[in-house]
Protein chains: 2
Amino acid sequence: MDTKEHILASAQRLVQQRGFNGFSYADVAEEVGIRKASLHHHFASKADLGVALIESYAAQFDDALAHIDASGSKPLDKLKAYVAIYRSTLESDRICMCGMLATEVLTLDVGMLPKLARFFARNTEWLAQVLTEGKAGGTLFLEGAAADHARAAVSTLQGASLVCRSTGDLDAFDRTTALLINGFSRKG
Amino acid sequence: MDTKEHILASAQRLVQQRGFNGFSYADVAEEVGIRKASLHHHFASKADLGVALIESYAAQFDDALAHIDASGSKPLDKLKAYVAIYRSTLESDRICMCGMLATEVLTLDVGMLPKLARFFARNTEWLAQVLTEGKAGGTLFLEGAAADHARAAVSTLQGASLVCRSTGDLDAFDRTTALLINGFSRKG
DNA sequence: GTCTATAACGAGATAGAC
DNA sequence: GTCTATCTCGTTATAGAC
């Protein structure tokens, strides 16, 4: 991992744990083991770093989704795998970086906003496809538009992460996601 | 409204829009029309202000829930009224203050944390009671524990607020909450 | 590409007069 | 209860040597 990747990884973790307004170049510099000034060589401004972070994070998410697709799993198992992404994030004391940024949207550089919106659109589209596939195959059950159910599922996962964080109750997250999965597993 | 209440109202709005790490005493002072130093007379530290903000916000929420209870509405209408609280918050370009704080939890003074967790517990308990009432009366339908459904509903509302914020799509929020309400309205 | 040094500004907080 | 003045520290960012 070269320095630029090291910076991105460190900053990403800090955003996921503390928010974009909750970390500084000093935090990153200490973790990476270089001086603050050197960070500016890689990312001239914090806004530039922010844009790069979203791009990098979205690419990681796309990879994860592509990996789920490549597994050839049944739609229900794809859904479970998607939920597992959020759960493992919570386990490492983080939340979705874009969920965090979404709350801070009014304080962010405008250059970050289109990429942020794109992240949620991409997630919803992928999940809608899984749900549509499951409905067509008769293994998942939903009334109404798959896109709406997909958006609602993303919302539930983001919100459950947030609530779980304040209560420190990972078991509550599991019970919420169990209901989510269950809702698609039986005729309703 | 005396000065202390004015400060709380201004700070609350700033937290809901920008986060606890996204506003400063200078922002509040300008809005209230006093100097930064004067703020410290009312709230010695920002952490003290934070604690007072959660207490005040929780009290407002309790009032709103009590008002819904006093309306004598049917459980389904109580659920809709609860959803409407979140919607009107979004309309004024804010999100739930405690949802915002929940994401920033790792940066907050520890004195704020118990009150924050209590807010979510209180919301979940109230909603669980509404769902239980509706189930008993045969007007709402749910499988499994009402507490789990209540927690999931709170998560969905928090998450939908967050997602709506980044996409600026209030209609998407409405479609998500429609699914939520619909899920309790029909046998499943 | 990294460093030292420093600029320029804003943050939370305090002292003491009125 | 509010003010002016100030402190101390942390923030992003830049200049220029190595």
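First the proteins, then the strands, lettered A, B, ... as listed; each starts at 1.
Contact check, His42(A) against dT2(C): a side-chain N or O comes under 4.0 Å of OP1 or OP2. OP1 or OP2 of dG1(C) sits under 4.0 Å from a side-chain N or O of His41(A). Distances shorter than 4.0 Å separate none of the side-chain N or O atoms of Ser45(B) from OP1 or OP2 on dG12(C). For dG1(D), the OP1/OP2 oxygens have no side-chain nitrogen or oxygen of Thr3(B) closer than 4.0 Å.
Here the C1' atom of nucleotide dT12(D) and the CZ atom of Phe20(A) are 11 Å apart, to the nearest Å. Computed from coordinates, the Lys36(B) NZ to dA11(C) P distance equals 7 Å when rounded to whole Å. Between Leu39(B) atom CG and dG10(C) atom P there is a gap of 17 Å when expressed in whole angstrom units. Atom-to-atom, CD1 of Ile7(B) to C1' of dT2(D) comes out at 11 Å; the value is rounded to the nearest Å. Rounded to an integer number of Å, the gap from OH of Tyr25(B) to C1' of dT2(D) is 15 Å. Distance His40(A) NE2 to dT12(D) C1': 5 Å, rounded to the nearest Å. One can place CD1 of Ile34(A) at 6 Å from P of dC3(C), the figure rounded to the nearest angstrom. The nearest whole Å value for the distance from the CG atom in Asn21(B) to the C1' atom in dT11(D) is 13 Å.
When ring centroids are compared, Tyr82(B) and Trp126(B) come within the 6.0 Å threshold.
A salt bridge is absent between Glu104(B) and Arg18(A): the closest approach of a Lys/Arg side-chain nitrogen to an acidic carboxylate oxygen does not fall below 4.0 angstrom.
Using a 4.0 Å heavy-atom cutoff across all strands shown, Ser38(B) reaches at least one base atom of the nucleic acid. Counting any heavy atom pair closer than 4.0 Å across all strands shown, Phe23(A) reaches sugar-phosphate atoms only and no base atom.
Taking the centre and axis of the six-membered ring of Phe23(A), the NZ or CZ atom of Lys46(A) falls inside the cone set by 45° and 6.0 Å. Annotation: cation-pi geometry not satisfied between Lys135(A) and Phe184(A) (NZ/CZ under 6.0 angstrom from ring centroid, within 45° of ring axis).
Comparing dG12(C), dT4(D), dT14(D) against the side chain of Arg35(B) picks out dT4(D) as the nearest. Counting only heavy atoms from C-beta on, Ala37(B) has its side chain closest to dA5(D) among dT11(D), dA11(C), dA5(D).
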Worked verdict on Lys74(B) versus Glu133(B) for salt bridge (charged side-chain N to carboxylate O under 4.0 Å, His left out): CA-CA 9 Å; Lys74(B) 291 175 295 185; Glu133(B) 185 191 344; over 6 Å; no
